[in-house]
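Data block below; observations after.
Just so it is clear, the values below take in all heavy atoms, side chains as well, and ignore hydrogens, waters and symmetry mates.
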Amino acid sequence: MPLNSPWRADFPGILALEAEGQTYLDSAATAQKPQAVLDALLDYYAGGAANVHRAQHLPGERATRAFEATRGKVAHWLNAAEASQVIFTRGATEAFNLLAYGLEAEFQAGDEIVVSAAEHHANLLPWQQLARRRGLELVVLPLDDRGLIDLEQAATLIGPRTRLLALSQLSNVLGVWQPLRELIALGQAQGALCVVDGAQGVVHGRHDLQALDCDFYVCSSHKLYGPDGVGLLYGRADALRRVRHWQFGGEMVQLADYQSAEFRAAPLGFEAGTPPIAGVIALGAALDYLAELDGAAVTGHEAALHAKLLAGLAARDGIQLLGAPRVALASFVVDGVHNADLAQLLTEQGIAVRAGHHCAMPLMQRLGLSGAVRVSLGLYNDGADLERFFAALDASLELLR
Ligand SMILES: Cc1ncc(COP(=O)(O)O)c(C=O)c1O
């Protein structure tokens, strides 16, 4: 089956890389952008840039309208109850740091924060550092062989001292959907806050945050076919009221004198300074683009490509898959071959995959690995990309073994 992507031509970056002899299989790190996103960036600057929420003049009013329209589109995309529950940050990483500082007053020495063994550093280190500042315990939920959080063990580890769960929806290494609803229910039974790292999950399918009922959900625009420099933090209204302001400056303030200030509520109270205006507006264009696609066709295409990827890896000797990935990516190691050597040879053949610890060093340590090679897919990839990857993989392994 050729597995052509009907959307490939919408992505100039993919076509440019292809013309250069590059096969892009690293969308879990960052996705290519559709033309509509490039147009939105250019339109904003070429049409007259202006700051948001400050000026009454026409360009300022136009920029503010487009900026706020994206907030509404994000809320709609994630089924948030209100647009005001969506905060724009400068990346997913910044959103986790915002929470780890903004929720600091919620914790007392001896309280516990629960993470899983599969967290990306972005959803681990802010909590680890908070734990060090406040004398808290960081509890790590173990995974089973597939990479799923073990629910039985989670039920014993999430207890009365648990104040917060910080869990990824879809691991960037293992590609498994965690049983979040069950885990959130375990946390809620203890009165704990639940933070979900949706950086990888948000890109695949649609997610209903009201049904998920987490307190916070974090993701970034650049993996969602939008520009980089923009992160999204969703908070349920009652949860957001518990977050203290953490960055101080323009626009987040209600009243200020030399000695004191009063701050705005969410979202603007958490968007100090000039936000990434062009990026936010262009993220709106990415969501418009995605909303117009046939979601079932995208999911079907991604599933067919993923099945081809897994089948190709399984057909080759000595390849060990990490976990049991369900969507869009596969990480693997090869017996007797260092992942960096393999990645180097793949790079020399124009295959853009990621190798190393994938910003999840503790997970790699737990798996007893120094790193792994990861292939990840976007909706623009097609069967020919995977065929080029497998041809390069075979040629590389021939040399390395
Ligand atoms: C699971 C996961 N969480 C968080 C992040 C951090 O996102 P960003 O680098 O956009 O801040 C990433 C990025 O790779 C990720 O894969």
- Mind checking what makes ring-ring contact (aromatic ring centres under 6.0 Å, His included) contact with Tyr380, not counting sequence neighbours? Phe11, Tyr225

- Item | Check: Val280 main-chain N/O paired with Thr70 side-chain donor or acceptor under 3.5 Å | yes

- Message: If the condition is salt bridge (charged side-chain N to carboxylate O under 4.0 Å, His left out), which residues does Asp394 pass it with, not counting sequence neighbours?
- Response: Arg316

- Item | Donor-acceptor pair between Gln344 and Thr347 side chains, under 3.5 angstrom | no

- Item | Whether Arg71 side chain and Ser84 backbone form a donor-acceptor pair below 3.5 Å | no

- Message: Considering only residues two or more places apart or on different chains, which pairs with a residue in residues 39-49 satisfy side chain to side chain donor-acceptor pair (under 3.5 Å)?
- Response: Gln35-Asp39

- Apply side chain to side chain donor-acceptor pair (under 3.5 Å) to Glu112 and list each qualifying residue two or more places apart in sequence or on a separate chain. Arg161

- State which residues pass salt bridge (charged side-chain N to carboxylate O under 4.0 Å, His left out) with Arg236; sequence neighbours excluded, sorted by chain then number. Asp213, Asp215, Asp238

- Using the side chain to side chain donor-acceptor pair (under 3.5 Å) rule, collect all pairs that involve residues 194-203, keeping only residues at least two apart or in two chains. none

- Message: Let's go through Gln349 and Ser396 carefully: what are the C-alpha distance in whole Å and the side-chain angles of both, what is the deciding distance for side chain to side chain donor-acceptor pair (under 3.5 Å) to 0.1 Å, and is it a yes or a no?
- Response: CA-CA 9 Å; Gln349 296 168 85; Ser396 308; 3.0 Å; yes

- Message: Has Ser221 got a side-chain atom pairing as donor or acceptor with Pro227's backbone, closer than 3.5 angstrom?
- Response: yes

- How about Leu268 and His53: do any of their side-chain heavy atoms sit closer than 4.5 Å? yes

- Do other residues, nucleotides or ligands put more than 12 heavy atoms under 6.0 Å from the CZ atom of Arg181? yes

- Query: Would the number of heavy atoms belonging to other residues, nucleotides or ligands and lying under 6.0 Å from NE2 of His57 be above 12?
  - Reply: yes

- Is it true that atom CG of Asp208 has more than 12 heavy atoms of other residues, nucleotides or ligands lying nearer than 6.0 Å? yes

- Taking Ser168 for its side chain and Glu119 for its backbone only, find out whether a donor-acceptor pair lies under 3.5 Å. no

- Ile113 side chain near Val139 side chain, heavy-atom distance below 4.5 Å: no

- Message: Under the rule for side chain to side chain donor-acceptor pair (under 3.5 Å), what residues qualify as partners of Arg326, not counting sequence neighbours?
- Response: none

- Task: Sequence neighbours left out, what pairs pass side chain to side chain donor-acceptor pair (under 3.5 Å) with at least one residue falling in residues 240-249?
- Result: Glu106-Arg242

- Message: To check you understand the geometry: which heavy-atom pair defines the closest contact between Ile281 and Ala63, and what is its length?
- Response: CD1-O, 4.1 Å

- Is a side-chain donor or acceptor of Ser171 paired with a backbone partner of Val173 at a separation under 3.5 angstrom? yes

- Task: Would you mind reporting whether Ser260 and Asp257 have side-chain heavy atoms less than 4.5 Å apart?
- Result: yes

- Query: Going through the checks in order, is the side chain to side chain contact (heavy atoms under 4.5 Å, CB included) test met by Asp150 and Leu143?
  - Reply: CA-CA 5 Å; Asp150 184 315; Leu143 311 173; over 6 Å; no

- Side-chain contact test, heavy atoms from C-beta onward, threshold under 4.5 Å: evaluate it for Leu183 versus Leu141 and give yes or no. yes

- Message: Using every non-hydrogen atom in the two residues, find where Asn51 and Pro275 come nearest and quote the distance to one decimal.
- Response: OD1-CD, 4.3 Å

- Query: Taking side chain as C-beta onward, heavy atoms only, is Asn339 less than 4.5 Å from Leu369?
  - Reply: no

- Message: Once side chain to side chain donor-acceptor pair (under 3.5 Å) is applied, do any residues pair with Glu302, and if so which ones, sequence neighbours excluded?
- Response: His204

- Task: Check whether the side chains of His222 and Thr30 place a donor and an acceptor atom closer than 3.5 Å, and report yes or no.
- Result: yes

- Task: Please round to the nearest 0.5 Å and tell me the distance separating atom CG of Leu313 and atom CD of Gln320.
- Result: 11.0 Å

- Item | Passing candidate, side-chain contact (heavy atoms from CB on, under 4.5 Å) with Leu167, options Val195, Ile149, Ile184, Val196 | Ile149

- Item | Nearest heavy atoms of Gly147 and Leu174, plus distance in Å | CA-CD1, 3.8 Å

- Message: Quick one, Met252 with Phe270, criterion side chain to side chain contact (heavy atoms under 4.5 Å, CB included). Give me CA distance, side-chain angles, the key distance, then yes/no.
- Response: CA-CA 6 Å; Met252 53 79 65; Phe270 295 92; over 6 Å; no

- Taking the six-membered ring for Trp, is the centroid-to-centroid distance between Phe263 and Phe248 below 6.0 Å? yes

- Message: Under a 4.0 Å threshold between the charged nitrogen and the carboxylate oxygen, would Glu271 count as salt-bridged to Arg264?
- Response: no

- Within a radius of less than 6.0 Å around CG of Asp335, do more than 12 heavy atoms belonging to other residues, nucleotides or ligands occur? yes

- Query: With no hydrogens and no angle check, is any side-chain donor or acceptor of Tyr24 less than 3.5 Å from a backbone partner on Asp26?
  - Reply: yes

- Query: What residues, two or more places apart in sequence or in another chain, satisfy side chain to side chain donor-acceptor pair (under 3.5 Å) together with Trp77?
  - Reply: none

- Query: Short question: side chain of Gln85, backbone of Glu82 - any donor-acceptor pair under 3.5 Å?
  - Reply: yes

- Message: Looking at Phe107, is its backbone amide N or carbonyl O close enough to the side chain of Arg134 to form a donor-acceptor pair, meaning the two atoms are under 3.5 Å apart?
- Response: yes

- Task: Please identify each residue that fulfils salt bridge (charged side-chain N to carboxylate O under 4.0 Å, His left out) with Asp10, with sequence neighbours left out.
- Result: none

- Message: Do Leu99 and Val218 have side chains that approach each other closer than 4.5 Å (heavy atoms only, starting at C-beta)?
- Response: yes

Which pairs of donor and acceptor atoms, one on a side chain in residues 350-367, lie under 3.5 Å apart (sequence neighbours left out)?
unit_1: His357; atom_1: ND1; unit_2: Cys359; atom_2: N; d: 3.0
unit_1: His358; atom_1: NE2; unit_2: Gly356; atom_2: O; d: 3.4
unit_1: His358; atom_1: NE2; unit_2: Ala372; atom_2: O; d: 2.9

- Val114 side chain near Leu164 side chain, heavy-atom distance below 4.5 Å: no

- Donor-acceptor pair, side chain of Lys223 and main chain of Ala199, under 3.5 angstrom: no

- Message: Do Arg133 and Tyr101 form a cation-pi contact, if we require the NZ or CZ to be under 6.0 Å from the six-membered ring centre and within 45 degrees of the ring's axis?
- Response: yes

- Task: Indicate the atoms forming the closest heavy-atom contact of Gly187 with Cys194, along with that distance.
- Result: CA-SG, 4.4 Å

- Report yes if the side chains of Phe332 and Leu309 come closer than 4.5 Å at any heavy-atom pair, otherwise no. no

- Note on the structure: Nearest heavy-atom approach of Leu3 to His301 is O-CE1, 3.5 Å

- Query: So how far is it from Tyr289 OH to Leu283 CG, rounded to the nearest 0.5 Å?
  - Reply: 15.0 Å

- Query: Distance only, no hydrogens: is a donor on one side chain within 3.5 Å (strictly under) of an acceptor on the other, for Glu18 and Thr23?
  - Reply: no

- Query: Do other residues, nucleotides or ligands put more than 12 heavy atoms under 6.0 Å from Gln108 CD?
  - Reply: no

- Note on the structure: All heavy atoms of Ser376 vs all of Ala28, minimum pair found to be OG-N, 2.9 Å

- Item | Main-chain N/O of Val337 paired to Asp341 side chain as donor or acceptor, under 3.5 Å | no

- Inter-residue atom distance Lys308.NZ - Asp385.CG, 0.5 Å rounding: 10.5 Å

